[in-house]
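Written below as structure tokens is the structure these notes are about.
Each chain gets a letter, A, B and so on, in the order its sequence line appears, and its residues count up from 1. Only a predicted model underlies this, so the values are computations on that prediction, with no experimental measurement involved.
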2 protein chains.
Amino acid sequence: MREDLVRAEILAMLGREPLNRSEIAARLGLGAATVTEHTRRLIDLGYLRELAPQVSGRGRPRVPLEVLPDAAYTLGLRVHHTHVVGVLMRLNGSEVRRFTQPFDPRAEPVEQLAKMCLEVLGEPGTGERVRGVGLAVPGVIDPAKGVVRLSPHLGWSDLALRPRLAELLPVPVLIDNDTRASTTAELLFGTGRDHDDFLVLAVGGGVGMGIVLGRRVHRGPDGVAGEFGHVPVDPLGPPCVCGRRGCVETYAADYALAARAVERGLTSRAVAVDELHALALADTPGIRDLMAEAGATLGRAAAGIVNVLAVRALTVIGESHVLWPYLEPGFRPAVEGGVLSGLEISVRPWDDSAHALGAACLVLAATVAAR
Amino acid sequence: MREDLVRAEILAMLGREPLNRSEIAARLGLGAATVTEHTRRLIDLGYLRELAPQVSGRGRPRVPLEVLPDAAYTLGLRVHHTHVVGVLMRLNGSEVRRFTQPFDPRAEPVEQLAKMCLEVLGEPGTGERVRGVGLAVPGVIDPAKGVVRLSPHLGWSDLALRPRLAELLPVPVLIDNDTRASTTAELLFGTGRDHDDFLVLAVGGGVGMGIVLGRRVHRGPDGVAGEFGHVPVDPLGPPCVCGRRGCVETYAADYALAARAVERGLTSRAVAVDELHALALADTPGIRDLMAEAGATLGRAAAGIVNVLAVRALTVIGESHVLWPYLEPGFRPAVEGGVLSGLEISVRPWDDSAHALGAACLVLAATVAAR
DNA sequence: TCCTTAATTTCGGCGACGAAATTATTATGG
DNA sequence: CCATAATAATTTCGTCGCCGAAATTAAGGA
């Protein structure tokens, strides 16, 4: 999977505000010649256009470039075990629209997904603008081969999702792990604007980590990178679904928080995120301590990775966003107390369409501006 | 610092045994055309030569290529606070010879180092073959700028070592952190032969980590990557020199092992590595448990990194090699119990010249085969 | 008008790649 | 035994991405 990231990065950067070529070169660390070449092609493709030159003192006036956001679209789907969220994205990262469809991962899932995509692709006026489809799938995904290695959440293993979907669709198809899809979105439209190296911490039903080094998403040999949830914390800790004890996930995943709450007698049964949130909001005794401790565990584990990779930024995303205010009081001091140099921590509000937007970014990164 | 690693990798690979071009292409994951181009130049430079074609069944016979190990040398220095170890290395990674010189980091260190290098460079018959000098320095090093940011061990901070040395020497000069220098050596001549992604765990006076992802040594923005020693393990652990508590280093560095031994009343004073070794060898009660526990702590911390980066190999190096038999009983189960997929663990015997050889490899990687 | 400055483009080069061509064998059918 | 096919290694060719240096362009100022 060659990622023609550079042109995608130019589009993403210009999506926020028009910039001239020398600014683009400076921000992306590219040579002026390279930028001239890329922008020429993007203009030829109809994705960019030159604005009126800006006279700014002496010297040749700079020529700002503007994205034509509706020149092409990408479609991103987030595959969940009960439903699929789709987002149709413009070149500047904004949403044309989104939709939600019920989904059953056990009943001919490839055909169901193809049908949803074909509906969008067939729409007159928009369908023909779609340059590709990206899928964000939870679990262990091999994006190079397009195979879902293992997705306990969806009950899939070794499903050749991309090849099979590619046969049914007339546009390129990409798949990746949901956390890495959102990491790609961060690289193009978020933290990547200020950092070439950063981590994305995804807290929700599991705990995942997206890794960006040198403006490239690290995927590992078979796309297995990012298994932060099973970083060992305490060999005597709670048992984990992976068969070991004391993984990070057994403290900070949503189901684990609920389980710990039951253990401490704070709730009588394992509750969902919303209820945990309500309990914390109501300041139920012990709940906030529990969450702050979980946050601290998460923070210490993250600090280790931060130190070793020497990243300067970490961005928190994920379904557990509502709980973040209670995890953070533990997380932030633990990270800051464990990190050698400074670390910029950002938190993104969660939205059901976030991973879908990430999936759409996969397409932007890999295919929109290629060739 | 552009690393013309590919040609160095070809040299290193051929240093072990002659191989034909298509084997080189397969092992390095390059196209056949690329290999043809690189080998052509290496032959032109006089570094390689074609052997007699090997008839091996049908098809065009393969043409094995052989390194001419004495066609060029690289010089590597390991800078220690009491002495400097130098190694003059052949193209195939073997030692021409090594030397040790006393060294005082406080007394015009740049001039001292230059003098040692010039002695070698001036030797008739060998000096003119030396293509560059590499320095392995403990501490936080910025190899791109050639600056020693901070080396508590040597008492240096913000020393522009490379630029200053470059002025005094007629050949290219490179510097890097000692762990990363040895990591480069592993990439070319060790674990890199079988793995594109791996970690190097350096255990000694500190605990460092070298990271290889996609056959590139990860250095981080300013060369700060690899600070494994200060990965937090226990917020209530022993105080660390960095000002925090419970860093990995406070369990597994040599001085920390000695300190823990004192705390447990196993020794009356902080002893050196050799004495710890003797105590363990004599099976002094408690010593082996102490070391196994330290190994386990190290292993758990390493497993976290292994999981997140999804590497499949880890190589242990460092001055504490003699203690490894006692650290390992804790380390190996901790790592294996914390890692999701399989991990190949290798251990390298320590030798005072190891980092010096690594430093020589820096030169091989960056300059020998360039242009 | 000519000089300076800053943005941008052109040009040449490097490293890598895939596809097609070339080369040097072995196997096989007459 | 020889011509031809099959096979495998290697080279050539055209392309792509990126870069630095030099050239060009379009101002402002003396």
Salt bridge or not between [X] and [Y]? Use side-chain N to carboxylate O under 4.0 Å.
{"X": "B:R312", "Y": "A:D222", "answer": "yes"}
{"X": "A:D44", "Y": "A:R41", "answer": "no"}
{"X": "A:E50", "Y": "A:R21", "answer": "yes"}

Atom pair SG (B:C361) and CE (B:M89), whose distance is rounded to the nearest 0.5 Å: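 Reported value, rounded in 0.5 Å steps: 4.0 Å.
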B:L199 CG to B:I305 CD1 distance, which is reported to the nearest 0.5 Å: 7.5 Å
Round to a whole Å and report the spacing from [atom1] of [X] to [atom2] of [N].
{"X": "A:E37", "N": "C:dG12", "atom1": "CD", "atom2": "C1'", "value": "14 Å"}
{"X": "A:I24", "N": "C:dA7", "atom1": "CD1", "atom2": "P", "value": "13 Å"}
{"X": "A:R21", "N": "C:dT8", "atom1": "CZ", "atom2": "P", "value": "6 Å"}
{"X": "A:R41", "N": "D:dC18", "atom1": "CZ", "atom2": "P", "value": "9 Å"}
{"X": "B:L5", "N": "C:dC14", "atom1": "CG", "atom2": "C1'", "value": "16 Å"}
{"X": "B:N20", "N": "D:dA8", "atom1": "CG", "atom2": "C1'", "value": "10 Å"}
{"X": "B:H38", "N": "C:dG15", "atom1": "NE2", "atom2": "P", "value": "7 Å"}
{"X": "B:R40", "N": "C:dG15", "atom1": "CZ", "atom2": "P", "value": "13 Å"}

Residue met sooner reading DNA chain C from 5', once B:G29 and A:P64 are mapped to nucleotides: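 That would be A:P64.
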Sugar-phosphate, base or nothing in reach of B:T36, heavy atoms under 4.0 Å: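 Counting heavy atoms under 4.0 Å across all strands, the contact made by B:T36 includes a base.
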Touch class at under 4.0 angstrom, heavy-atom based, for A:V63 against every strand present: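 Sugar-phosphate, no base atom in range.
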Dump the pairs, protein N or O against N or O of nucleotides 22-30 of chain D, anything under 3.5 Å, distances to one decimal.
from	atom 1	to	atom 2	distance (Å)
D:dA26	N3	A:R60	N	3.4

N/O (side chain, B:S22) to phosphate O (OP1/OP2, D:dT10) under 4.0 Å: yes
Presence of A:T34 side-chain N/O under 4.0 Å of D:dC19 phosphate oxygens OP1/OP2: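 Yes.
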Angle of first-five versus last-five pair axes in the helix from C:dT1-D:dA30 to C:dG30-D:dC1, to 10 degrees: 40°
Nearest listed nucleotide, side chain of B:A32, among C:dA7, D:dG17, D:dT11: D:dT11
Enclosure of A:R193 CZ (heavy-atom neighbours >12, cutoff 6.0 Å):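 Above 12, so yes.
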